S.K.: 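Quick one: this structure, given as structure tokens, is what I'll be asking you about.
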Protein chains: 2
Amino acid sequence: MASLTVGNRRPVRLADIAKAAGVSHGTASNVFSRPEIVREEVRERVKAAAEAMGYGGPDPKGRLLRAGKVNAIGVATAEPLSYFFDDPFARVMMAGISQACDATGAGISLVSAANNEQLAWNIQSALVDGFIVFCIEGGSRLVQLARERKLPFVALDLASEDGSVATIGIDNVAGAAMAARHLTGLGHRRFAVLALQFVDGRTGPVSPEQVQTAVYAGTRDRLTGYFQELSRVGVDTSKVPVYETANDATSTIAALEAIFGVAEPPTAILAMSDRMALVALEWLSARKLKVPDDISIVGFDGVPEAAVSEPPLTTVAQPIAEIGRLAVKAILENDGTTNRRQLPVELIVRASSAPPRG
Amino acid sequence: MASLTVGNRRPVRLADIAKAAGVSHGTASNVFSRPEIVREEVRERVKAAAEAMGYGGPDPKGRLLRAGKVNAIGVATAEPLSYFFDDPFARVMMAGISQACDATGAGISLVSAANNEQLAWNIQSALVDGFIVFCIEGGSRLVQLARERKLPFVALDLASEDGSVATIGIDNVAGAAMAARHLTGLGHRRFAVLALQFVDGRTGPVSPEQVQTAVYAGTRDRLTGYFQELSRVGVDTSKVPVYETANDATSTIAALEAIFGVAEPPTAILAMSDRMALVALEWLSARKLKVPDDISIVGFDGVPEAAVSEPPLTTVAQPIAEIGRLAVKAILENDGTTNRRQLPVELIVRASSAPPRG
DNA sequence: CACTTTCGTTGGATCGATTCAAATTTGCTT
DNA sequence: AAGCAAATTTGAATCGATCCAACGAAAGTG
């Protein structure tokens, strides 16, 4: 009864119970980690001592230092932590990561931070065996920090030029091309593009020169894919409005207002994310514009929400969960080689796209 | 250039660079943790040595042992890890937890496991400062394991008798009573209850005797609240069918089939979770039963999905995110006292409840 | 009975850092 | 140039375990 953890502290270590039980710390350690090699009588004595002193088992802090492996992978992002539970894309990704972790018995540590400095510290001091880096925003900074930890890591969603960072992603050019070809095939010739970030922290219309200086290669590649197909049917891509958003409702709506505030609005919208496409769907519906009768929309990502929207969204589906699974695998089976994988995408045609009116 | 991390291992420690730079480890350590107290010339020399040897900064494993604090809280459940990203209730809760962690700079470790043995090990070896225990299923076992770690922990969603475990929850009796009173007030007199688990691993009809032996006090309390109000208007609660489910679609549908497979089905359903209520909504709609014209339903929890269902769901809303925030606070500010808090619930009346026909 | 095995136990070394009292150096005063 | 305070640096101790070579005792063998 004297063992009721008292308010202040619990300075009871393995060595303490070893002494109490009259054995060496080596034996005491064995009682917990390899009980079968210690004589039953001794084992019981040590366990009794542990019980009596309120010892909660070997402290993982100590074990960790000796063992080296944490058995957990860190998932890092520059967004607030709640991003992992809010964002549909992140959630599907995390489901894939979870699945792979469950299968191997590894834990997941969520790493993030409000400000830059805190983020650096958190990444430096995260107790993990490797990182999966979500490069939504501030990707390059994150990658830089992760690299400094000198732990295995893979970057997701970042088609970086830098061949030295391991990435798992998709063929953005091909995916975007599929979306555009679908719409041109239906007969559309007037387009607008809702783009993800080319560089951090900017939103609004994007000029062709600005595209050249894109930090996010994924964004640039998708635009390349779109334009490649539009050019093929003779669309003058320099006249196609491209609006950069922060992939949130506010900036997407601002883009939509600009896009539809002109004399001859587009008949089709190419959105670089389902999130933007879904925002567009709602915005158009509020304005009594019918999708797909008045406007066709094709999204990108293939999040579950896209299947149940009104109308269901035509989109370029990434194998999101699979990417997550592979990322975990890449880290746990890290052999020092930097893996760069591209997974196939798939065009899922639903009700948000149809031939243009007339 | 010789610093390119080679495939195999990286045995470069702080002591190595101290030697290389010709300073003691004490000084080398200071260069990283309190750079301002070491002379610039020395600081630069050490940093240069670190750079040259490919040192990725002080290993948190070592620091941890010395410092004692991990600066992360563990969230434990007996469900698979993906539960955190799938389940609406869990997601809102995690959002609250995330928010509190973001604010204090703490990290989140997700702890879970497929099998029992693995779960025990994972809890024993989780590198965290405390646990938040999700008691959905296998709650008592989880609490037992968490307690053995002798770390601060709070149990969520478990109105345990055991006064020695810290919990943050709601007044289940009062919440349930609000739901029932709402329906009796509308004139309903024929009810059925979709119940959460009374004990682990059982589903199906529940007899009054079985209710007495409930492991989950929360489930029992909600039933008590329901029955209290039903009795008040003269309903014979011993005749009210109560079906226990695993809070998933399969067992809920089984319950619904039993409930509506009788001559005089109920006019109102009391569901102990929004999840079950939402399943019921869909099931009824598929059977051309109109809610609320034919059947009224009141859920429990107040998840976001309940606001956008067809029809929107009347429900007893818990302050889910707030519970999460408080749980984090309780762990980080743990003063040895076992906190037991009850937060208020609120009845949110939407379109799934109306007076009975005729 | 001497000689191997086998089994259990011991205690020192190690994991990689931080901390702090003491020692040393530097800088200022007079 | 001695005296003293302030600024730096040192190195041993510590955090809490695990590992392993070596050792002692009990059991088995010829």
Side-chain angles (χ1 to χ4, degrees), chain A residues 9-47 49-50 53-71 121 124-129 149-151, chain B residues 9-47 49-50 53-71 121 124-129 149-151:
Chain A
R9 67 197 184 285
R10 171 183 69 101
V12 39
R13 312 182 303 293
L14 187 51
D16 297 328
I17 72 159
K19 176 138 38 117
V23 298
S24 73
H25 56 266
T27 299
S29 173
N30 286 335
V31 169
F32 291 99
S33 45
R34 302 132 81 195
E36 68 283 1
I37 75 162
V38 19
R39 199 152 42 98
E40 173 161 6
E41 189 244 315
V42 177
R43 199 194 314 149
E44 291 310 321
R45 183 148 43 94
V46 173
K47 277 187 174 162
M53 303 180 72
Y55 181 65
D59 187 331
K61 295 206 268 306
R63 192 206 337 266
L64 171 62
L65 183 53
R66 192 68 240 229
K69 273 235 160 290
V70 183
N71 199 34
W121 172 256
Q124 278 161 22
S125 59
L127 290 156
V128 297
D129 297 322
R149 255 311 280 280
K150 310 253 156 109
L151 284 176
Chain B
R9 68 197 183 286
R10 170 181 69 101
V12 39
R13 310 181 304 293
L14 186 52
D16 297 327
I17 72 158
K19 176 137 37 115
V23 298
S24 71
H25 21 261
T27 299
S29 172
N30 286 335
V31 170
F32 292 97
S33 46
R34 302 131 82 194
E36 69 283 1
I37 75 162
V38 17
R39 196 153 41 97
E40 172 157 7
E41 188 245 314
V42 178
R43 200 194 316 147
E44 291 311 319
R45 183 148 43 94
V46 173
K47 276 187 174 162
M53 302 180 73
Y55 181 65
D59 187 330
K61 295 205 268 307
R63 190 206 336 267
L64 170 62
L65 183 53
R66 190 75 241 236
K69 274 237 160 285
V70 184
N71 199 31
W121 172 255
Q124 279 162 21
S125 59
L127 290 157
V128 297
D129 297 321
R149 255 312 279 281
K150 310 253 156 107
L151 284 177

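Predicted, not measured: the structure shown is a model, and the values here were computed from it.
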S.K.: On DNA chain D, does the nearest nucleotide to B:A67 precede the nearest nucleotide to B:E36 from the 5' side, or the other way round? Give the residue.
M.R.: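 Of the two residues, B:E36 wins.
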S.K.: Among all residues two or more places apart in sequence or in another chain, which pass the side-chain contact (heavy atoms from CB on, under 4.5 Å) test with B:L65?
M.R.: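 For B:L65, the residues satisfying side-chain contact (heavy atoms from CB on, under 4.5 Å) (neighbours in sequence not counted) are A:K61, A:L65.
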S.K.: Report the residue (A:R39 or B:P58) whose heavy-atom-nearest nucleotide on DNA chain C is the more 5′ of the two.
M.R.: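 On the 5' side of the pair lies A:R39.
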S.K.: Please collect all salt bridge (charged side-chain N to carboxylate O under 4.0 Å, His left out) contacts where either partner lies in residues 20-38 of chain A, sequence neighbours excluded, each pair once.
M.R.: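 Listed once each, the pairs would be none.
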S.K.: Using the salt bridge (Lys or Arg N to Asp or Glu O under 4.0 Å) criterion, which residues pair with A:R63? Sequence neighbours excluded.
M.R.: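 By the salt bridge (Lys or Arg N to Asp or Glu O under 4.0 Å) rule, A:R63 matches no residue at all.
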S.K.: Rounded to whole angstrom units, what separation is found between the CG atom of B:D59 and the C1' atom of D:dC15?
M.R.: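 Those two atoms, CG and C1', are 14 Å apart.
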S.K.: How would you list, by chain and number, every residue that makes a side chain to side chain donor-acceptor pair (under 3.5 Å) with A:S24, sequence neighbours excluded?
M.R.: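 For A:S24, the residues satisfying side chain to side chain donor-acceptor pair (under 3.5 Å) (neighbours in sequence not counted) are A:T27.
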S.K.: State whether the distance check finds a donor on one side and an acceptor on the other, under 3.5 Å, for side chain A:R66 versus base C:dT14.
M.R.: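 Looking at the base of C:dT14, it does pair with a donor or acceptor on the side chain of A:R66 (distance under 3.5 Å).
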S.K.: Distance-only, no hydrogens or angles: does the B:R149 side chain make a donor-acceptor pair with backbone N or O of A:G56 under 3.5 Å?
M.R.: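 No; judged by distance alone, with no hydrogens or angles, the pair does not exist.
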S.K.: Could you give the CZ-to-P distance, from B:R63 to C:dT19, as a whole number of Å?
M.R.: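 Distance, rounded to whole Å: 9 Å.
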S.K.: Give, ordered by number, those residues of residues 16-24 of chain A having at least one heavy-atom distance below 4.0 Å to an atom of DNA chain C; if nothing qualifies, reply none.
M.R.: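 Correct list: A:V23, A:S24.
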S.K.: In the 5'-to-3' direction, what one-character label does each nucleotide of nucleotides 20-25 of chain D receive under the scheme B = base within less than 4.0 Å of a protein heavy atom, S = sugar-phosphate only, - = no such atom?
M.R.: ------
S.K.: Which residues pass the side chain to side chain donor-acceptor pair (under 3.5 Å) test with B:S125, not counting sequence neighbours?
M.R.: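 So B:S125 forms no side chain to side chain donor-acceptor pair (under 3.5 Å) with any residue.
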S.K.: Using the test salt bridge (Lys or Arg N to Asp or Glu O under 4.0 Å), find all partners of B:R45 that sit at least two apart in sequence or belong to another chain.
M.R.: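 For B:R45 the salt bridge (Lys or Arg N to Asp or Glu O under 4.0 Å) partners, ignoring immediate neighbours, are B:E41.
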S.K.: Pairs in or reaching into residues 21-30 of chain B: which pass salt bridge (charged side-chain N to carboxylate O under 4.0 Å, His left out), with residues at least two apart or in two chains?
M.R.: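 Not a single pair qualifies under salt bridge (charged side-chain N to carboxylate O under 4.0 Å, His left out).
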S.K.: Using the C1' atoms of the five pairs at each end, what is the angle between the end axes of the helix from C:dC1-D:dG30 to C:dT30-D:dA1, to 10°?
M.R.: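 Helix axis angle between the two ends: 50°.
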S.K.: Kindly say whether A:V38 contributes a backbone atom to a donor-acceptor pair with the side chain of A:N30 at under 3.5 angstrom?
M.R.: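 No, A:N30 side chain to A:V38 backbone: no donor-acceptor pair under 3.5 Å.
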S.K.: Can you list everything that forms a salt bridge (Lys or Arg N to Asp or Glu O under 4.0 Å) with A:E40? Sequence neighbours excluded, please.
M.R.: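 None.
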S.K.: Who pairs with B:R66 by side-chain contact (heavy atoms from CB on, under 4.5 Å), at least two apart in sequence or on another chain?
M.R.: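 Testing B:R66 for side-chain contact (heavy atoms from CB on, under 4.5 Å), a comparison that skips the adjacent residues, returns none.
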